[in-house]
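What follows is one structure encoded as structure tokens, with my remarks underneath.
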Amino acid sequence: MRVETITTVLDLVGVFINSLLGGSVARRRELDLFGYVVIGVVSGLGGGMIRDVLLQHGPPLALTNPLYIPIALAGAGVAFLLKFSEREWTRIFYVLDAIALSVWAVAGAQRTLAAGLSWLPAILLGTITAVGGGATRDLLVQRVPVVFGGNGLYASVAALVAALQVICTALGVPVAVGTPLAVVVGTVLRLVAYRRGWELPGGVDWEARDVLGKAIRPPPLRRRRDRREDEDE
């Protein structure tokens, strides 16, 4: 199977899962059918479209491949039709979210490398592909995007998965081995981080005057007078 075909399949899997997650957000916010469609499509297609626009290799795949929009609508439709209990949906949400995050990070990194860019842009666009749609979705429903913290490791997992995919590609690891490995590692890490509450540190509470005060604080007035008297003598 060609790398391009595998990347497209991964992309479409991510589209469906993220549009389903977007539909779940619409259900929690008690939106109407149009709200399901908008939030689902934005969540499912947003990250990939941002990536494709940045790559500047023609129109985004979501607008040229006939499968992307229907699959995004299908994901939102499933969320519209099926209702789960809060406990059931919480479990499903985090599992699907972990899978989608890893799948899209891999797909974004692969597309970037296929476009002829180096490893660092591949990691960057892999991360953007993974978190872009969800961040846009969260902004539409007026909440702080989960990518900014308070939800376990998120963007950092996407960056790690993209980096792992880049390393596998550079070492010549077959796609059939490297891609599943990156997806599994990312999914497991994301779920463990959520269960154990792992998060990146926030801002520390050091006061600038405490850290820099001794370096920039002028000597006391009395000491300066003593120095002047010594110099005069």
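Below, each value reflects all heavy atoms present in this structure, side chains not excepted, and no hydrogens, waters or symmetry copies. Because the structure is a prediction, the values reported are computed rather than measured.
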Side chains of Thr8 and Arg111: is there a donor and an acceptor less than 3.5 Å apart?
yes
Leu55 CG to Thr112 OG1 distance, which is reported to the nearest 0.5 Å
5.0 Å
Kindly compute the distance separating CG (Asp97) from CG (Leu191), expressed to the nearest 0.5 Å.
9.0 Å
Hydrophobic cluster identity match, [X] and [Y], side-chain contacts under 4.5 Å:
X: Leu12; Y: Leu96; result: yes
X: Phe16; Y: Ile6; result: yes
X: Leu117; Y: Ile123; result: no
X: Val183; Y: Val131; result: yes
X: Leu101; Y: Ile128; result: no

Test: side chain to side chain donor-acceptor pair (under 3.5 Å). Region: residues 124-139. Which pairs qualify, not counting sequence neighbours?
Ser43-Arg137, Asp138-Arg143
Applying side chain to side chain donor-acceptor pair (under 3.5 Å) as the test, list every pair that has at least one member in residues 13-23; sequence neighbours left out.
none
Side-chain contact, heavy-atom cut-off 4.5 Å: Val161 with Val106?
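Yes - at least one pair of side-chain heavy atoms lies under 4.5 Å apart.
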Looking at side-chain heavy atoms only, is the closest gap between Gln110 and Thr179 below 4.5 Å?
yes
Under the side chain to side chain contact (heavy atoms under 4.5 Å, CB included) rule, collect the residues that match up with [X], sequence neighbours excluded.
X: Leu82; answer: Val78, Phe84
X: Leu113; answer: Ala122, Val166, Thr169
X: Leu63; answer: Met49, Pro60
X: Leu139; answer: Pro145

Non-neighbouring partners of Phe80 that pass ring pair (Phe, Tyr, Trp, His ring centres under 6.0 Å), sequence neighbours left out
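Phe80 satisfies ring pair (Phe, Tyr, Trp, His ring centres under 6.0 Å) with Tyr36 once adjacent residues are dropped.
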Hydrophobic clusters join Ile, Leu, Val, Met, Phe, Trp and Tyr when side-chain heavy atoms are under 4.5 Å apart, directly or via other members; which others share one with [X]?
X: Leu181; answer: Leu164, Val185
X: Val53; answer: none
X: Ile167; answer: Leu171, Val173, Val177

In chain order, what residues pass the side chain to side chain donor-acceptor pair (under 3.5 Å) check against Tyr68, with sequence neighbours excluded?
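For Tyr68, the residues satisfying side chain to side chain donor-acceptor pair (under 3.5 Å) (neighbours in sequence not counted) are Asp11.
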